[in-house]
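Note that the coordinates shown come from a computational prediction; the quantities given were computed from them, not determined experimentally.
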Amino acid sequence: MKNALALTSCFILIVACGPAAEESASTVPAEETATVAPPPPPTTEEAKQLIADSAAFSDYQFTNASYSLPLKRSRFNEVTSNGAEELEAAGWVRFDGDDVVLEPKAEADRRWLVRPNGFVDIVPIAKKELTEVSSVTPQADGNLKANLCWQWIPNEVGSAFKSGLVRERIEAMHCAIADLQPTEDGSWEVLLVEPAPAPAGP
């Protein structure tokens, strides 16, 4: 009787566990274990549009699109003195003794932000324009590197600067590198934008 019960218990265990274990091992979808092939690299024109529309490119060096001016002439240095005179010539500010006074058009412009510390920040004075993606190169990790160049396009305030560091920055062509990574939906996204390496010396 005991032998019969033991055989019956073994039979139940085999029925309950054996096929289920086999089924659980065989029900893993093949697509879950297969390696997904990366999407084809974008062309330079496709990469240009992708980078231009990305948050990474928008954020890159965004602080260079601002200008800070002391509201006291006694706090000027050579750079800010020159910038203030150009803003005065363009009708954005005027001088009243030691004070720098915003003209009505500056007061009404949301880009002019007066700070409690006695400075006015002007943000932005320009926007970035991507002019070229010269190459898109695959990397060992499956990502891509895109070489790009861009420049600043001044707005009404930025156009007031006719000389000095701000004008030099606006007129210069800037170059950088964008890192692209594949997405789960089979496309590419911009991971980050970083400065291009300085050219090697002679």
Side-chain angles (χ1 to χ4, degrees), residues 44-45 47-136 145-179 190-202:
T44 53
E45 281 302 312
K48 179 180 177 182
Q49 188 64 50
L50 176 66
I51 296 167
D53 293 341
S54 70
F57 180 65
S58 178
D59 292 342
Y60 180 64
Q61 295 191 359
F62 72 95
T63 54
N64 287 341
S66 65
Y67 186 80
S68 295
L69 182 70
L71 293 175
K72 294 290 185 182
R73 299 182 72 180
S74 56
R75 302 177 69 178
F76 284 178
N77 56 29
E78 183 179 351
V79 174
T80 53
S81 177
N82 180 70
E85 290 175 359
E86 293 180 326
L87 290 170
E88 180 194 29
W92 290 102
V93 301
R94 60 183 173 86
F95 302 131
D96 183 6
D98 191 42
D99 294 330
V100 179
V101 181
L102 303 190
E103 292 286 19
K105 72 174 185 177
E107 289 185 328
D109 194 317
R110 290 183 297 177
R111 291 169 295 197
W112 291 71
L113 308 172
V114 178
R115 303 298 186 189
N117 62 356
F119 280 76
V120 59
D121 296 335
I122 314 167
V123 186
I125 61 172
K127 65 177 181 179
K128 290 194 292 291
E129 181 179 272
L130 183 57
T131 58
E132 178 190 24
V133 170
S134 59
S135 64
V136 178
K145 284 193 180 295
N147 291 284
L148 60 101
C149 289
W150 59 277
Q151 64 185 108
W152 289 109
I153 305 299
N155 55 28
E156 310 94 295
V157 185
S159 297
F161 297 96
K162 307 298 183 183
S163 62
L165 295 177
V166 175
R167 173 48 56 179
E168 291 174 7
R169 185 188 306 155
I170 289 173
E171 291 183 343
M173 184 65 68
H174 307 269
C175 292
I177 295 175
D179 286 0
V190 182
L191 181 62
L192 59 90
V193 177
E194 56 189 347

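- The one candidate from Ile51, Val190, Val193 that meets the side chain to side chain contact (heavy atoms under 4.5 Å, CB included) condition with Tyr60 is Val193.
- Although no hydrogens or angles enter the test, the distance criterion places no donor-acceptor pair under 3.5 Å between the side chain of Arg73 and the main chain of Phe95.
- Of the residues Ile122, Leu102, Asp109, the one that meets the side chain to side chain contact (heavy atoms under 4.5 Å, CB included) test with Trp92 is Asp109.
- Here Cys175 contributes atom SG and Gln151 contributes atom CD; the two are 11.0 Å apart, rounded to the nearest 0.5 Å.
- Of all the heavy atoms in Ile170 and Gly158, the pair that sits closest is CD1-O, 3.9 Å.
- A donor-acceptor pair is defined here as one N or O able to donate and one able to accept, closer than 3.5 Å; no such pair exists between the side chain of Ser81 and the backbone of Asn77.
- Considering every non-hydrogen atom in both Asn155 and Ala126, the closest pair reads ND2-N, 3.8 Å.
- A distance of 11.5 Å separates OG of Ser134 from NZ of Lys48, quoted to the nearest 0.5 Å.
- A salt bridge between Glu156 and Lys105 is absent, with no side-chain N of the basic residue lying under 4.0 Å from a carboxylate O of the acidic one.
- Of all the heavy atoms in Ala56 and Leu192, the pair that sits closest is CB-CA, 4.1 Å.
- For the pair Ala47 and Val136, the tightest heavy-atom approach, listed with the atom from each and the gap, is CB-CG2, 3.8 Å.
- Between the side chain of His174 and the backbone N or O of Pro195 there is no donor-acceptor pair closer than 3.5 Å.
- The structure places CD1 of Ile153 at 12.5 Å from CD1 of Ile125, a figure rounded to the nearest 0.5 Å.
- Of the possible polar contacts, none joining the Lys162 side chain to the Glu86 backbone as a donor-acceptor pair under 3.5 Å is found.
- With a 4.5 Å cut-off on side-chain heavy atoms, Thr80 and Tyr67 count as touching.
- Expressed to the nearest 0.5 Å, how far CG of Leu130 lies from CD of Gln49 amounts to 9.0 Å.
- Residues Ser54 and Phe57 share a closest heavy-atom pair of OG-N, 3.2 Å.
- Looking at Ser66, its side chain never comes within 3.5 Å of a backbone N or O of Val123 through a donor-acceptor pair.
- No donor-acceptor pair closer than 3.5 Å links the side chain of Asp179 to the backbone N or O of Leu191.
- Contact check for Arg115 versus Val120: no side-chain heavy atoms found under the 4.5 Å cut-off.
- What you find for Asn147 and Ser135 is that their closest heavy atoms are ND2-OG, 2.8 Å.
- Atom CG of Asn117 sits about 8.5 Å away from atom CG of Leu71, to the nearest 0.5 Å.
- Looking at heavy atoms from C-beta onward, Trp152 lies out of side-chain contact with Val166 at the 4.5 angstrom threshold.
- Distance check, rounded to the nearest 0.5 Å: OG of Ser163 to CD of Glu171 gives 10.0 Å.
- Panel note: side chain Arg167, backbone Phe161; a donor-acceptor pair is recorded below 3.5 Å.
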